[in-house]
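A quick write-up on the structure given underneath.
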Amino acid sequence: MSTAPAVRRPILYDDERNPECRRVRLCAMQLDLDLEIRPCPPRGRRFLEEAKRLGGVDTPPLLVDEAHGVVLSDPSEIVAHLRKTYPPGETRTFDEPASELELYAYETCPFCAYVRDTLNSLELAYTMRSMGPGSEKRGAFRARYGKTQFPFLRDARAGIELFESGDIVHHLRATYGAG
Ligand SMILES: N[C@@H](CCC(=O)N[C@@H](CS)C(=O)NCC(=O)O)C(=O)O
């Protein structure tokens, strides 16, 4: 019996502080689209080489959408591709498992930005669960956790789930920081 390959979420090679990357993340929020984030801060040592190899770019953003055979580095083209491929309200069936780190957040929330900035500087890959004000995932989240408050982090490796940006940042630094 053969197993169908998992349909992968788009991967964004991202730098939290780069305005062109922000534009892409804002688009993902508007589309209620989850992304795999590979942080590429300036002089990053973890994913920047990979981005260069895959897309020939020195700086993010770079979008790799394997499910549609697309690798894009121009922010306008990335946004156009996402809008066309993942229109709002359409069901997406990504069946790959999430990263060990999952951040439920949205772009315009300053507490979420604080956590993303920490993930970025620590160069930790994560699944970004888009939970913007109009997100269809909010109902299921509220049913499970009793409230809608973001950011929220699930760390499968550490076996914990956390609300509160300060607690999340503390956990990330203590667990994954260089010390
Ligand atoms: N003390 C919390 C505050 C988080 C918070 O106020 N988040 C806002 C967004 S900025 C929120 O979840 N609002 C409810 C909503 O978006 O429905 C923290 O530091 O994480």
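Whatever order the structure lists them in is the order used to number ligands and atoms, beginning at 1. Excluded from the calculations below are hydrogen atoms, water molecules and symmetry mates; all remaining heavy atoms, backbone and side chain alike, are included. A quick note: this is a predicted structure, and the numbers were derived from the prediction, not measured.
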Atom 19 (O) of ligand 1 sits nearest the protein heavy atom Ser165 OG, 2.6 Å
Could you walk me through whether Glu96 and Arg9 pass the salt bridge (Lys or Arg N to Asp or Glu O under 4.0 Å) test, one step at a time? CA-CA 7 Å; Glu96 70 174 325; Arg9 276 175 289 278; 3.8 Å; yes
Which residue and atom name correspond to the protein heavy atom nearest atom 14 (C) of ligand 1, and how close is it? Thr148 O, 3.5 Å
Nearest non-hydrogen protein atom, atom 10 (S) of ligand 1: Cys109 SG, 3.1 Å
Is the closest side-chain donor-acceptor distance between Glu161 and Tyr145 under 3.5 Å? yes
Could a heavy atom of Met131 be found less than 4.0 Å from some atom of ligand 1? no
Please walk me through it: do Arg17 and Asp117 pass salt bridge (Lys or Arg N to Asp or Glu O under 4.0 Å)? CA-CA 8 Å; Arg17 299 189 184 189; Asp117 200 46; 2.6 Å; yes
Please state which protein non-hydrogen atom is closest to atom 8 (C) of ligand 1 and give its distance, to 0.1 Å? Phe150 O, 3.8 Å
Distance only, no hydrogens: is a donor on one side chain within 3.5 Å (strictly under) of an acceptor on the other, for Asp167 and His170? no
Has ligand 1 got any nitrogen or oxygen that is less than 3.5 angstrom from a nitrogen or oxygen of Phe111? no
Atom 1 (N) of ligand 1: closest protein heavy atom, distance to 0.1 Å, is Glu164 OE1, 2.7 Å
Examine Lys147 relative to Phe163 and say whether NZ or CZ is less than 6.0 Å from the centre of the six-membered ring and inside a 45° cone about the ring axis. yes
Do Arg138 and ligand 1 have an N or O pair less than 3.5 Å apart? yes
Expected output: side-chain Thr127 to main-chain Ser99 donor-acceptor under 3.5 Å: yes
Kindly determine whether Asp14 and Asn120 satisfy side-chain hydrogen bond (donor to acceptor under 3.5 Å, both in side chains), including the steps that lead there. CA-CA 8 Å; Asp14 178 53; Asn120 193 62; over 6 Å; no
Nearest-neighbour protein heavy atom for atom 9 (C) of ligand 1, which is reported as residue plus atom name and distance: Tyr106 OH, 3.2 Å
For Pro151, counting its heavy atoms only, list the atoms of ligand 1 lying under 4.0 Å from any of them. 20 (O)
